[in-house]
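Here is the structure we will look at.
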Protein chains: 2
Amino acid sequence: MAINKKQSFGKKEQDLAECAKALAHPARIAILKVLAQHNECICGEIVSVLPLAQSTVSQHLKELKNAGLIIGTVDGPRSCYCINWKAFEKFNREFSFLFNHLKTEQACC
Amino acid sequence: MAINKKQSFGKKEQDLAECAKALAHPARIAILKVLAQHNECICGEIVSVLPLAQSTVSQHLKELKNAGLIIGTVDGPRSCYCINWKAFEKFNREFSFLFNHLKTEQACC
DNA sequence: ATCTTATATCGCAAATATACGATTAATAAA
DNA sequence: TTTATTAATCGTATATTTGCGATATAAGAT
């Protein structure tokens with residue numbers, strides 16, 4: 001893999017892929033599910049619910065945060081995460097926009 | 001990474017993550033975009049449009065096909081791909097379902 | 001000041017993904 | 001039958017992800 005080929009695609013494609021990558025692990029889906037159901041900040045609870053070590057969960061949280069899908073704030077000795085709904089809506093919008101062309105009738109297959 | 005931890009999550013989480021993984025590369029987003037715009041089967045055209053070798057494109061097509069997002073049929077010496085809109089709609093549905101809880105008001109962050 | 005609790009980060013090992021050239025397979029064209 | 005053409009697969013190198021234990025950090029409790 002000589003060079004990073006990802007750079008040679010459009011920004012929209014890259015952003016969408018980036019976002020999808022953050023969703024591309026069941027642990028991260030599970031984290032988002034927990035956050036969505038609570039709709040308020042939790043932290044160690046996620047660790048206790050998932051079948052993963054604390055350090056691994058922390059890493060997954062970091063990835064979701066880097067992708068902008070969740071927001072994290074520090075609250076004393078503990079951290080507080082919640083879903084960034086705006087980012088999700090944006091993802092949905094971009095995603096639909098990209099594929100909502102001509103999907104009326106199938107010409108083949 | 002001792003064991004495959006992905007197995008220890010629910011089927012829905014796994015399926016969603018699997019689908020997201022297929023979307024987690026700009027090349028595959030670009031392929032889907034081309035297919036969506038044409039709405040008819042093309043094949044070598046994809047290779048000529050993307051900045052990647054033929055074998056690499058073929059690999060990406062295979063992944064999209066395995067994830068069920070596209071359908072491929074053989075047509076003589078050439079292959080013919082198109083988007084599986086049903087799979088996309090299912091993905092959208094599952095995705096929304098998972099996160100459309102309580103997103104009315106934000107309690108934190 | 002020391003201890004406890006909650007999280008993040010580091011370093012490493014194993015697993016996967018990405019990319020390509022070379023080769024194969026399968027059909028059409030000569 | 002030989003020769004192109006099109007696309008899939010194989011082998012391989014490199015990059016990235018996943019996961020954990022150990023350690024660091026930061027604040028509250030004693």
Side-chain angles (χ1 to χ4, degrees), chain A residues 1-9 13-14 17-31 34-35 41-67 70-82 108-109, chain B residues 1-9 13-14 17-31 34-35 41-67 69-82 109:
Chain A
M1 200 163 51
I3 222 171
N4 196 349
K5 287 283 185 162
K6 288 182 185 176
Q7 311 265 321
S8 49
F9 292 92
E13 283 82 0
Q14 285 184 56
E18 193 69 23
C19 207
K21 196 168 69 176
L23 297 170
H25 195 289
R28 293 195 286 271
I29 298 282
I31 288 173
V34 174
L35 289 174
C41 299
I42 44 173
C43 34
E45 285 182 50
I46 299 172
V47 175
S48 65
V49 166
L50 297 195
L52 295 170
Q54 177 267 321
S55 60
T56 307
V57 172
S58 191
Q59 223 171 249
H60 282 305
L61 284 166
K62 191 181 175 186
E63 282 178 70
L64 287 168
K65 196 173 150 189
N66 285 342
I70 63 175
I71 297 166
T73 53
V74 179
D75 171 28
R78 59 194 66 188
S79 283
C80 166
Y81 291 100
C82 58
C108 63
C109 293
Chain B
M1 200 164 54
I3 221 170
N4 196 347
K5 286 284 184 163
K6 289 183 185 175
Q7 312 265 320
S8 49
F9 293 91
E13 283 83 359
Q14 285 186 56
E18 193 68 24
C19 209
K21 196 169 67 177
L23 298 169
H25 195 288
R28 293 194 288 271
I29 298 282
I31 289 172
V34 174
L35 289 175
C41 300
I42 42 176
C43 32
E45 285 183 52
I46 299 173
V47 175
S48 64
V49 167
L50 297 195
L52 295 170
Q54 177 267 321
S55 59
T56 308
V57 173
S58 192
Q59 223 171 248
H60 283 304
L61 283 165
K62 191 180 173 185
E63 282 178 71
L64 286 168
K65 197 173 150 191
N66 285 343
L69 293 176
I70 64 175
I71 297 165
T73 53
V74 179
D75 170 30
R78 56 194 69 190
S79 283
C80 164
Y81 291 100
C82 59
C109 291

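Remember, predicted model here, so these are calculated numbers, not experimental data. Convention: sequence-line order gives letters A, B, ...; per-chain numbering from 1.
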Between A:I29 and B:E13, the two heavy atoms sitting closest are CG2-CG, 3.7 Å
Rounded to 10°, the helix from C:dA1-D:dT30 to C:dA30-D:dT1 deviates from straight, judged by its five-pair end axes, by 10°
Using a 4.5 Å cut-off on heavy atoms from C-beta on, say whether the side chain of B:L69 contacts that of B:L23. yes
Readout for nucleotides 1-9 of chain D: B = base within 4.0 Å of protein heavy atom, S = sugar-phosphate only, - = neither; 5' to 3' it is -----BBBB
d(A:L35 CG, A:E45 CD) to nearest 0.5 Å is 10.0 Å
Rounded to whole Å, the CD-P distance (A:E18 to D:dT16) equals 12 Å
Separation of D:dT16 atom C1' from A:N66 atom CG, nearest Å, is 15 Å
From CD of A:Q7 across to C1' of C:dT18 the rounded distance in Å is 14 Å
query: Quick one: is A:K21 getting a side-chain N or O under 4.0 Å of the D:dT17 phosphate, OP1 or OP2?
result: yes
Main-chain N/O of A:A17 paired to B:R28 side chain as donor or acceptor, under 3.5 Å
no
In whole angstroms, the gap separating C1' of C:dT18 from CG of B:L64 amounts to 14 Å
Just say parallel, tilted or perpendicular for the rings of A:H60 and A:H25, cut-offs at 30° and 60°. tilted
In whole angstroms, the gap separating C1' of D:dG21 from NZ of B:K5 amounts to 13 Å
Heavy-atom closest pair (B:A30 atom, B:L50 atom, distance to 0.1 Å) is CB-CD2, 3.9 Å
For A:Q14 and A:Q7, the nearest pair of non-hydrogen atoms, with its separation, is NE2-O, 3.5 Å
When rounded to whole Å, the CG to C1' distance for the pair B:N4 and D:dT17 reads 12 Å
A:K6 NZ to C:dA17 P, in whole Å, measures 12 Å
| query | Can you check whether A:F9 reaches B:L52 side chain to side chain, under 4.5 Å on heavy atoms? | reply | yes
Report yes if a side-chain nitrogen or oxygen of A:H60 is closer than 4.0 Å to either non-bridging phosphate oxygen (OP1 or OP2) of D:dG19; otherwise report no.
yes
Note: A:A22 and A:A67 closest approach over all heavy atoms is CB-CB, 3.5 Å
Atom CD of B:E63 and atom P of C:dA17 are separated, to the nearest Å, by 7 Å
